[in-house]
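Atoms considered below: every heavy atom in the structure, side chains included; atoms not considered: hydrogens, waters and symmetry mates. What you see is a predicted model; the values in this text were computed from it and never measured.
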Number of protein chains: 2
Amino acid sequence: MISTAEENYLKAVFKLETELQGTVPTGALAQSFNIQAPSVTDMVKKLASKKLLRYEKSKGVRLTDKGRKIAVAIVRKHRIWETFLVQTLEFRWDEVHALAEQLEHVHSEELIDRLDTFLGHPKIDPHGDPIPDKNGKIQATRAITLKMGEPGNTYKLIGIREDSIELLQFLNKLKIGLGSVLFIEDRESFDQSLRVKVDNKAQGFLSAIVANALLVVDA
Amino acid sequence: MISTAEENYLKAVFKLETELQGTVPTGALAQSFNIQAPSVTDMVKKLASKKLLRYEKSKGVRLTDKGRKIAVAIVRKHRIWETFLVQTLEFRWDEVHALAEQLEHVHSEELIDRLDTFLGHPKIDPHGDPIPDKNGKIQATRAITLKMGEPGNTYKLIGIREDSIELLQFLNKLKIGLGSVLFIEDRESFDQSLRVKVDNKAQGFLSAIVANALLVVDA
DNA sequence: TAATAAAATTAGGTAAGCCTAAAAATATTT
DNA sequence: AAATATTTTTAGGCTTACCTAATTTTATTA
């Protein structure tokens, strides 16, 4: 059996592998959990001995296929739970992350499959991240960031590229949510901020930083 | 913060206090968890130091009000999750116990309240056990066991007085489920078994033992 | 390339929650 | 009430997943 701590390591390695485009140094893991480096060394040794990742001393780790499979399964659980919390229990999307972190460690394939069916096999979670299917396939999002958008075009918000609660709450204030229709009126050449209309009502400027965090598709 | 292990102890003490009508010896807890007695001694000391229960050496334990409050909250969570699994995700009632044991330890009042609302504030879980309300009030079931029923009367099954999977599966075979209408045709004086009709179809005999496990109300 | 800085590992330690073996307390039987 | 049986506790250990301090390895800069 695999422990909650082990699952969290695999999930973190999975995430960092893509972010860093390769081997994950132990320090990156320590930072991501806010724990001390030696704790990570211990744990990656254990996971390596379980063949869930490959560990090269002083270099870092890579997931094995076995480890990646588990990591993806956890990501799937996390995103399905988030979808359930927002879609069915009407939580706000900025409230669900911590809860999903707990729920993702409930051991039951059957439970997740039933939830998935109940939710109508959603492809994207409330943060806009793609939900891996039962076999671990992750459907690539064709989304771009709003920053990449063109003035004069209209986009639909399908996700957020950050887990920052601050950002989510800021967007809530602006009445921007999943599905919001964003029309780019203009781009300020000075700071690359965007003047946008939200759901056809003039809204004002979004900084380039914010625009870069908004995943959109053509509307 | 309270750990999963601690929560399980409080839940078990709560259950055993009613079953044994008073102080719970440490041995009863050891038995209920299938662990060794010394482990229990350690844990009850810790819980006593947290004022969640009162511990009299070599005598046993009783919940404090603080401890009971937590225990009831866990029972509430467990039963709401069971209800959700059966009512919404269409699990069979004999499949949900183990899952609810995991879900009950997810820390979030808000989550349970929203589930409760989503489910329409159910009063009774799929095993027929009453669901404590937000304040910990447990509505007494007015149910009797089928064994207490009278020949010639009709009853509706609202619950089961056992957590035995065997019993639940046996009832499934007989096509007896929550809501089934049971008409007592006759009682065998030899062994107190009951001849019943299930949902108006002649079914045959239920032993006194089974009848005693079926919670019913007048239909 | 040698010196220094940064990152990672080794070594030894802690708390939680379980364990076994032995001792002590309580209950039961004669 | 003494002897025996049962239950509970004490004492000391183990594993998991973390810790700090010291050392070693790797990277950077002079």
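Within 4.0 Å of A:Ala5, counting heavy atoms only, lie sugar-phosphate atoms of the nucleic acid but no base atom. Contact annotation for B:Thr26: backbone-only contact, meaning every heavy-atom pair under 4.0 Å involves sugar-phosphate atoms and none involves a base.
Atom-to-atom, CD of A:Glu56 to C1' of C:dA7 comes out at 16 Å; the value is rounded to the nearest Å. Distance, B:Lys46 NZ to C:dT14 C1': 14 Å, rounded to whole Å. Summarising the geometry, the separation between CD on B:Gln36 and P on D:dT7 is reported as 13 Å, rounded to the nearest angstrom. If you take CZ of A:Phe33 and P of D:dC19, they are 12 Å apart, rounded to a whole angstrom. Rounded to a whole Å, the CD1 atom of B:Ile35 is 14 Å from the C1' atom of D:dT8. In this structure, A:Tyr55 places its OH atom 10 Å from C1' of C:dT10, rounding to the nearest Å. In this structure, CG of A:Asp42 is placed 13 Å from C1' of D:dT20, rounded to the nearest angstrom. Rounded to a whole Å, the NZ atom of A:Lys50 is 12 Å from the C1' atom of D:dA17.
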**Item:** Per-nucleotide protein contact string for nucleotides 22-27 of chain D (B base, S sugar-phosphate only, - none; heavy atom under 4.0 Å)
**Value:** ----S-
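Checking A:Val86, A:Asp125, A:Leu111 one by one against A:Trp81, the side-chain contact (heavy atoms from CB on, under 4.5 Å) holds for a single residue, A:Leu111. Tested against A:Lys11, the residues A:Glu104, A:Glu6, A:His105 include a single side chain to side chain donor-acceptor pair (under 3.5 Å) partner, A:Glu104.
A:Phe14 does not carry A:Arg68 over the face of its six-membered ring by the limits of under 6.0 Å from the centre and within 45° of the normal.
For B:Phe84 and A:Phe84, the ring centers are positioned less than 6.0 Å apart.
Within the structure, every side-chain polar atom (N or O) of A:Ser39 is placed at least 4.0 Å from both OP1 and OP2 of D:dA17. Taking 4.0 angstrom as the limit, A:Tyr9 places none of its side-chain polar atoms (N or O) nearer than this to OP1 or OP2 of D:dT16. Checking the phosphate oxygens (OP1, OP2) of D:dT9, no side-chain nitrogen or oxygen of B:Lys45 falls inside 4.0 Å.
B:Leu115 is listed as a side-chain neighbour of B:Ile112, based on a closest heavy-atom distance under 4.5 Å. When side chains are defined from C-beta on, B:Leu146 does not count as touching B:Asn212, because their heavy atoms never get closer than 4.5 Å. Counting only heavy atoms from C-beta outward, the side chains of B:Leu53 and B:Arg62 never approach each other to under 4.5 Å. B:Leu20 is listed as a side-chain neighbour of B:Pro25, based on a closest heavy-atom distance under 4.5 Å.
If A:Met43 and B:Thr41 are placed on DNA chain D by their nearest nucleotide, the residue sitting closer to the 5' end is B:Thr41.
The heavy-atom pair separating A:Ile2 from A:His107 by the smallest distance is O-NE2, 3.6 Å.
From one end of the helix from C:dT1-D:dA30 to C:dT30-D:dA1 to the other, with five pairs defining each end axis, the axis direction shifts by 0° (rounded to 10°).
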